[in-house]
J.: 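Structure below; questions to follow.
It should be emphasised that the depicted structure is a prediction, and the values quoted were computed from it without experimental measurement. Here is how names work: the chains are called A, B, and so on, in the same order as the sequence lines, proteins then strands, and each is numbered from 1.
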Amino acid sequence: MTSYKSDFLRVMRERGYIHQCSNEDALDAKASSGIITAYVGFDCTAASLHVGNLLGIMMLRKLQQAGHKPIVLIGGGTTRVGDPSGKDDTRKLLSDEQINENIASIRTVFERFLTFGDGPTDALLVNNEDWLLKLNYIDFLRDYGPHFTINRMMTFDSVKLRLEREQPLTFLEFNYMIFQAYDFLELNRQHDVTLQMGGSDQWGNIINGIELGRRVDQAELYALTTALLTTSSGTKMGKTAKGAVWLNEDMLSPYDYWQFWRNTEDNDVGRFLRLFTELPLAEIAELETLEGADLNEAKKLLATTACAMAHGEEKALAASETARKTFEQGTMASGLPSVDINASDLDNGLGLLTALVTAGLASSNGEARRHIKGGAVKINDVKAENEKRLLGGDDISDDGVIKLSVGKKRHVLLKTT
RNA sequence: GGAGGAGUGCCCGAGUGGUUAAAGGGGACGGGCUGUAAACCCGUUAGCUAUGCUUACGUUGGUUCAAAUCCAACCUCCUCCA
């Protein structure tokens with residue numbers, strides 16, 4: 001297949017989203033002749049999605065932009081089971097309350113990327129607990145069990161890898177793929193969904209759904225996956241000093257989110273621009289030709305654009321400005337992440353170690369101590385050598401804050417209240 | 001049900017009575033070099049009210065001056081047999 005007829009698949013390929021696609025000719029024909037409805041499933045194991053999920057969200061966005069209908073499937077039911085794909089260990093089970101809290105917190109993110117509503121191409125958010133929790137075990141087994149063979153399930157990577165690595169795979173997790181397959185069937189019945197998208201680790205699960213749909217309803221379903229995101233140097237993407245790169249603002253500040261993209265490796269800039277921004281391909285191609293330090297301009301653009309999509313233009317520009325002041329001018333930037341401290345603590349003299357820990361720059365006094373020893377700590381851009389140093393009112397700069405830094409990149413402003 | 005093997009720090013993995021907060025590697029973090037990049041070099045990598053104390057080698061007990069290391073029971077996993 002050399003060229004796609006449908007805008008959707010063409011864009012997906014041009015921008016580098018496609019890893020695998022089942023029956024792409026038929027899918028292409030279908031997408032070029034009418035509205036298709038597609039979904040991506042999201043687990044709710046945390047209170048926020050992270051950049052690893054961004055690819056799925058972006059796919060739905062592209063789908064909608066191409067005039068099709070995206071469905072966000074929240075795995076309220078399947079999260080109660082736990083997906084074994086790509087994991088060595090059984091994930092600890094979450095309580096129902098936790099799951100519901102997570103769902104509430106996660107759903108806000110989608111509104112930034114998709115247009116929801118009742119129109120034919122408006123996005124829809126559904127939760128699989130609506131049908132999974134109602135299932136009757138015996139009925140379900142009789143209706144759908146015969147369509148799955150253990151022999152076949154054993155061949156899927158999610159199962160095979162666990163067994164090969166001699167890690168336990170519980171029956172509970174073993175059922176995950178069956179539920180995901182059933183989701184696809186159910187969404188096809190309820191909303192005429194014909195395409196499921198996801199990361200490449202979902203391929204097996206999706207194929208299971210396609211087969212179930214064909215066997216039970218003679219439905220013609222499709223799969224489309226993206227490559228899992230890794231950096232050029234091969235490491236998994238999505239980690240910062242603080243942990244995962246969350247999409248929710250209350251979990252990771254727009255400034256830190258901006259920084260994450262700003263620190264992209266040279267070799268990834270073009271790829272990420274295509275995947276995570278909506279700049280024209282021609283412009284990206286030009287940006288890619290930049291070399292050496294000039295490439296930093298492309299990284300800034302990537303950071304600001306990607307940040308704007310997740311947090312809004314205003315915050316993205318603010319983050320960009322904060323970064324400019326901090327790194328290019330070396331001046332105090334008020335937009336850096338800040339932590340409130342009591343003025344009275346300062347009067348009595350606030351220990352530097354304590355300050356570093358409360359600022360989140362160190363996880364323990366011991367770590368703070370090590371950072372000081374290593375010469376990484378700065379107070380108002382002046383290196384701190386003495387771990388017994390006390391912070392007092394004198395340390396408050398003209399801007400009314402105390403700037404604490406660990407290393408070149410991590411800065412926190414202490415603000416008195 | 002029977003026989004054998006395994007469970008170590010964020011991960012992998014060495015260690016089989018004392019100098020072991022536990023080799024080595026990975027990851028992560030910090031420093032250097034740079035461009036807030038990569039690669040490379042160096043360092044750090046349990047907590048604390050810190051010349052000491054506490055926690056830590058699946059769990060719980062026991063032996064011993066002393067245990068990750070020996071013993072017992074239990075839990076979990078793997079392999080072979082039935």
J.: Just verifying a value: how many Å separate A/Phe327 CZ and A/Gln259 CD, rounded to the nearest 0.5 Å?
T.: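 With rounding to 0.5 Å, CZ (A/Phe327) is 4.5 Å from CD (A/Gln259).
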J.: Is A/Asp395 salt-bridged to A/Arg389, cutoff N-O under 4.0 Å?
T.: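 Yes.
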J.: Tell me yes or no: between the side chains of A/Thr115 and A/Asp122, is some donor less than 3.5 Å from an acceptor?
T.: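 A/Asp122 and A/Thr115 do not have a side-chain donor-acceptor pair below 3.5 Å.
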J.: Given the structure, check if the side chain of A/Lys408 and the base of B/rU34 hold any donor-acceptor pair shorter than 3.5 Å.
T.: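 Result: at least one qualifying N/O pair found.
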J.: Please report the shortest heavy-atom distance between A/Arg274 and A/Tyr17, naming the atom on each side.
T.: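 The answer is O-OH, 4.1 Å.
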J.: Out of B/rA46, B/rU36, B/rG35, which has the shortest distance to the side chain of A/Arg370?
T.: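 The answer is B/rA46.
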J.: I'd like to know if the side chain of A/Gln196 pairs up with that of A/Gln202 as donor and acceptor (distance under 3.5 Å, no hydrogens or angles considered).
T.: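 Side chains of A/Gln196 and A/Gln202: no pair found under 3.5 Å.
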J.: A/Glu265 has an atom CD; how far is it from atom P of B/rU36, in whole Å?
T.: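 Going from A/Glu265 (CD) to B/rU36 (P), I get 16 Å.
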J.: Under a 3.5 Å cut-off for both distances, is B/rG7 Watson-Crick or wobble paired, and to whom?
T.: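 In the structure as shown, B/rG7 has B/rC75 as its Watson-Crick or wobble partner.
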J.: Is the phosphate of B/rU36, meaning OP1 or OP2, less than 4.0 Å from a side-chain N or O of A/Arg324?
T.: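 Looking at the OP1 and OP2 atoms of B/rU36, neither is under 4.0 Å from any side-chain N or O of A/Arg324.
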J.: How do A/Glu328 and A/Val357 order along RNA chain B: which one's closest nucleotide is nearer the 5' end?
T.: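 Looking at the nearest nucleotide for each, A/Glu328 comes out on the 5' side.
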J.: Using Watson-Crick or G-U wobble geometry with both distances below 3.5 Å, tell me the partner of B/rG35, or none.
T.: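 Pairing partner: none.
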J.: Whole angstrom is fine here: how far is it from NZ in A/Lys300 over to P in B/rU36?
T.: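 Computing the A/Lys300:NZ to B/rU36:P distance gives 9 Å.
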J.: With a 6.0 Å cut-off on ring centres, are A/Phe179 and A/Phe140 close enough?
T.: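 Between A/Phe140 and A/Phe179, which both carry aromatic rings, the centre distance is below 6.0 Å.
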J.: NA contact type, A/Gln259, heavy-atom cut-off 4.0 Å: base, sugar-phosphate, or nothing?
T.: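 It contacts base atoms.
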J.: Answer yes or no: are there more than 12 heavy-atom neighbours, outside A/Glu286 itself, under 6.0 Å from its atom CD?
T.: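 No, the 6.0 Å shell around CD holds no more than 12 heavy atoms from other groups.
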J.: Among the nucleotides B/rU36, B/rG30, B/rG35, which one has an atom lying closest to any side-chain atom of A/Arg410?
T.: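 Selected nucleotide: B/rG30.
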J.: Considering every strand and a 4.0 Å limit on heavy-atom distances, what is the contact class for A/Thr326: base, sugar-phosphate, or nothing?
T.: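 Since no nucleic acid heavy atom lies under 4.0 Å of A/Thr326, the category is nothing.
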J.: Who is the Watson-Crick or G-U wobble partner of B/rA67, with both distances under 3.5 Å?
T.: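 Pairing partner, where one exists within any strand: none, as none qualifies.
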J.: Nearest heavy-atom pair of A/Ile206 and A/Tyr222: which atoms, and what distance?
T.: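 Result for this residue pair: CG2-O, 4.4 Å.
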J.: Regarding A/Lys299, tell me which of base, sugar-phosphate or nothing describes its non-hydrogen contacts under 4.0 Å with the strands shown.
T.: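 Base: the residue A/Lys299, judged by heavy atoms under 4.0 Å, touches a nucleobase.
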J.: Between B/rG35, B/rG31, B/rU36, which nucleotide gets closest to the side-chain atoms of A/Leu295?
T.: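 Closest of the options to the side chain of A/Leu295: B/rG35.
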J.: Between B/rU60 and B/rU8, how far apart are the two P atoms, rounded to whole Å?
T.: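 Approximately 16 Å lies between the P atom of B/rU60 and that of B/rU8.
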J.: Sticking with atom P, work out how far B/rC57 lies from B/rC40, rounded to a whole angstrom.
T.: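 After rounding to an integer number of Å, I get 35 Å for this pair.
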J.: With both distances under 3.5 Å as the test, what is the Watson-Crick or G-U wobble partner of B/rG24?
T.: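 Base partner found: B/rC12.
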J.: Figure out the NZ/C1' separation between A/Lys383 and B/rG32, and round it to whole Å.
T.: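 One finds 11 Å between C1' of B/rG32 and NZ of A/Lys383, rounded.
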J.: Could you work out the separation of B/rU34 and B/rG25 based on their C1' atoms and round it to a whole Å?
T.: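 Each nucleotide's C1' atom is 27 Å from the other's.
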J.: For B/rA23 versus B/rG15, give the span between their P atoms, rounded off to a whole number of Å.
T.: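 It comes out at 14 Å once rounded to the nearest Å.
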J.: Remember a base hit wins even if backbone is also touched, and classify A/Gly292 as base, sugar-phosphate or nothing at under 4.0 Å, heavy atoms.
T.: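 A/Gly292: base contact, heavy atoms under 4.0 Å.
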J.: I'd like the C1' distance from B/rU44 over to B/rU59, given in whole Å.
T.: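 Rounded to whole Å, the distance is 33 Å.
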J.: Could you tell me how far B/rA82 sits from B/rA14 if I compare only their C1' atoms? Round to whole Å.
T.: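 Straight-line distance between the two C1' atoms is 37 Å.
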J.: Could you check which nucleotide pairs with B/rC80 in any of the strands shown, counting Watson-Crick or G-U wobble with both distances under 3.5 Å?
T.: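 Its partner is B/rG2 (Watson-Crick or G-U wobble, both distances under 3.5 Å).
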J.: Nearest whole Å is fine: how far is B/rU34 P from A/Asp294 CG?
T.: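 Value for this atom pair: 17 Å.
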J.: Ignoring backbone atoms, establish whether A/Ser364 has a side-chain N or O less than 4.0 Å from OP1 or OP2 of B/rG47.
T.: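 So the side chain of A/Ser364 is within the cut-off, an N or O lying under 4.0 Å from OP1 or OP2 of B/rG47.
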J.: Using whole Å, what does the distance between atom P of nucleotide B/rA37 and atom CG of A/Asp268 come to?
T.: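 Distance check: A/Asp268 CG to B/rA37 P gives 14 Å.
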J.: Under 3.5 Å for both donor-acceptor distances, Watson-Crick or wobble: does B/rA46 have a partner, and if so which one?
T.: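 When the pairing criteria are applied, B/rU54 turns out to be the nucleotide that pairs with B/rA46.
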J.: In whole angstroms, how far is the C1' atom of B/rU54 from the CG atom of A/Asn365?
T.: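 Going from CG in A/Asn365 over to C1' in B/rU54 covers 15 Å.
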J.: For B/rA37, does OP1 or OP2 lie under 4.0 Å from any side-chain N or O of A/Lys409?
T.: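 Result: yes.
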J.: Between C1' on B/rC29 and CD1 on A/Ile372, what's the gap in Å once rounded to a whole number?
T.: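 The distance from CD1 of A/Ile372 to C1' of B/rC29 comes to 15 Å, rounded to the nearest Å.
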J.: Find the distance A/Glu288:CD to B/rA37:C1' and express it as a whole number of Å.
T.: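 To the nearest whole Å, that distance equals 15 Å.
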J.: Looking only at atom P, what distance separates B/rG30 and B/rC77, rounded to whole Å?
T.: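 B/rG30 and B/rC77 have their P atoms separated by 40 Å.
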J.: Nearest to the side chain of A/Ala293 - B/rU44, B/rU36, B/rG35?
T.: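 Nucleotide nearest to A/Ala293's side chain: B/rG35.
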J.: Between A/Gly407 and A/Tyr255, just flag the one whose closest nucleotide in RNA chain B comes earlier from the 5' side.
T.: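 First, find each residue's nearest nucleotide; the 5'-ward one identifies A/Gly407.
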J.: On a whole-Å scale, what distance lies between the P atoms belonging to B/rU69 and B/rG61?
T.: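 It comes out at 14 Å once rounded to the nearest Å.
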